[in-house]
Amino acid sequence: MMVEAINVRKSFGAVEVLKGIDLTVDAGEVVSLLGPSGSGKSTFLRCINHLERIDGGEISVNGELVGYRRQNGRKYELRPRETAAARRHVGMVFQRFNLFPHRTAVENVMEAPLFVKRETRAAAKQQALDLLDRVGLADKAAAYPAQLSGGQQQRVAIARALAMRPTLMLFDEPTSALDPELVGEVLEVMKGLAAEGMTMIVVTHEIGFAREVCHRVVFMDAGVVVEAGPPQQVLTNPSHARTRTFLQKVL
Amino acid sequence: MMSTADEPIVRLRHPGRWVAAAVIVFLLVVFIHFVATAPKLRLDLVVGYLFEKSIMLGLVKTLQLTVIAMLVGAVLGTILAVMRLSENPVLRSVAGGYVWLFRGTPILVQLLFWFFLGTVVPQLSIGLPFGGPDLISWPTNTVITQFTAAILGLGLNEAAYMAEIVRAGIGSVDSGQREAAEALSMSPWITYRRVILPQAARLIVPPTANQTISMLKLTSLVLVIGLPELTTTAQLIYGRNFQQIPLLIVASLWYLVLTTILTVIQNRLENRMSRGVRR
Ligand SMILES: Nc1ncnc2c1ncn2[C@@H]1O[C@H](COP(=O)(O)OP(=O)(O)O)[C@@H](O)[C@H]1O
Ligand SMILES: [Mg+2]
């Protein structure tokens, strides 16, 4: 099992945003998280990577507890460096790309292998060029993010995440900040990854992508999982009224 | 047949601008003539003292003070800025208190304070606190010389201003950058060094260059503790020959030369820093 979340709770101040989320994802599975804005999708995704501290329950990735060490029947919070090390196998792609604006495309992709994995410059560069080629941007290696379109930036961001050789990829609305004609190129790259067997959790409003590519669709609302199942079941024949209302709005 | 569309265009003229420019040029010429021919001004002395040995030594001291005080200020200021942005309330308020104290008192007072420290604390020692035995101790006046007093006064004061500059620079970096770095499993230190600080630098460099230029001239304040930098040296010389204005011109010329060099460096740096910014 790649990801196992049990009864995950998270509050911001007095507001409980995640109210006991259970989710398991198998290796090679592609799962999409659907739900109205503010339902807690981003927060849950960030918890999987320990960018947010959870207040209850637990999450494991690859059988390892996220953010904590289990000892003597207690969970001890990890130091920032230990948390950083534990994240190596999880890649994340953000809605607003978050590329490093002061570095070129190829430097963006090289950064983590160079400074986290301490690879040699030559090896990191070769890998980065290969990855840029794979997302169709071999000719943009020397461009700064500001010189790239949104779709190109997001593809560089995917290459950057892949450079750490993750076994799990998290996508938080990767196409929501893009002009409509640029959405396709990013989804193509993601489809390619799915076809190669990458385990993926994708928060998206692209129902077509969810139907075509995902093995499972999870519908969240107000901090709980309302229903989950194969796309044809949840998307064409939802069993909850809330899911139906949501789908009517986005379709 | 000639149509009205082919009639020539006459631009608006600005006779007032020309008159104003002529008046200003005239006044400048009068002033330069007055200065150049003033019998007591002794421009020959300016030329004579420009490369005089003690002036040169003073110039070197001024440069040393500027560089060392700015280094102390920049390093300590960055540490203070990171402390102020930390989650630890003790670190935050210590850094806040430092800035409050050193920005809130005159730098002249701070310089004199360090210089006269020996009068109230005759011995500096390393030992156990609260009256425990001393392990090593030195007479304060041998530790805090004129030069160390000057560096303490200028550097510790500068740190307070640099802390604010660095803090504003770090605060301007989008929070998504830290997140992206964390998600790439960079440690906090690598995140600062490779992601946050380089981007903050674009906002930090211009005001820091300004601070360096003002530090260059601020060093002349060490006059009050008698350290022979550029201004003090000029003052020592005119104390003997009573040629105040020529020697002040000598000092000013050197300050202008150094400021010009610093300005060129500043422009170069700012050009380099704008990498990746949409033009
Ligand atoms: N850092 C934060 N501080 C306070 N509230 C937050 C924070 N992040 C998210 N929230 C709140 O948590 C709720 C869920 O947000 P989010 O997970 O971003 O939802 P979604 O991604 O499904 O749109 C929202 O009500 C949002 O306002
Ligand atoms: Mg969201």
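Chain naming here is simple, since letters A, B, ... match the order of the sequence lines and numbering starts at 1 in each. Quick caveat, the model's predicted, so the values are computed rather than measured.
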A/E77 atom CD: more than 12 heavy-atom contacts under 6.0 Å
yes

d(B/S175 OG, A/N98 CG) to nearest 0.5 Å is 8.0 Å

More than 12 heavy atoms of other groups within 6.0 Å of A/H89 NE2:
no

What I'd like to find out is whether the side chain of A/P101 reaches to under 4.5 Å of the side chain of B/Q177, using heavy atoms alone.
yes

Any side-chain heavy-atom pair from B/E182 and A/H50 closer than 4.5 angstrom?
no

Given a strict heavy-atom distance threshold of 4.5 Å, which part of B/L184 is in contact with chain A: side chain, backbone, both, or neither?
both

Quick check: do A/E111 and B/M186 have side-chain heavy atoms less than 4.5 Å from each other?
yes

Judged by atom type as modelled, is there a donor-acceptor pair below 3.5 Å linking the side chain of A/H102 to the main-chain atoms of B/R194?
yes

Which bit of A/R88 comes within less than 4.5 Å of chain B, counting heavy atoms only: side chain, backbone, both or neither?
both

Tell me, for A/R160 versus chain B, whether the close heavy atoms (under 4.5 Å) come from the side chain, the backbone, both or neither.
both

To the nearest 0.5 Å, tell me how far A/R79 CZ sits from B/S187 OG.
14.0 Å

Checking A/F94 against chain B: side chain, backbone, both or neither under 4.5 Å from a heavy atom?
side chain

Count the heavy atoms belonging to other residues, nucleotides or ligands that lie under 6.0 Å from CZ of A/R96, then report whether that count exceeds 12.
no

Under 4.5 Å to a heavy atom of chain B? For A/V93 that would be neither

Would you say B/E179 and A/M92 make side-chain contact, with heavy atoms under 4.5 Å?
no

Is it the backbone or the side chain of A/L170 that comes under 4.5 Å from a heavy atom of chain B, or both, or neither?
neither

May I ask you to check whether over 12 heavy atoms, not counting those of B/R92, lie within 6.0 Å of atom CZ?
yes

Could you check if a side-chain atom of A/F115 sits within less than 4.5 angstrom of a side-chain atom of B/R193, using non-hydrogen atoms only?
yes

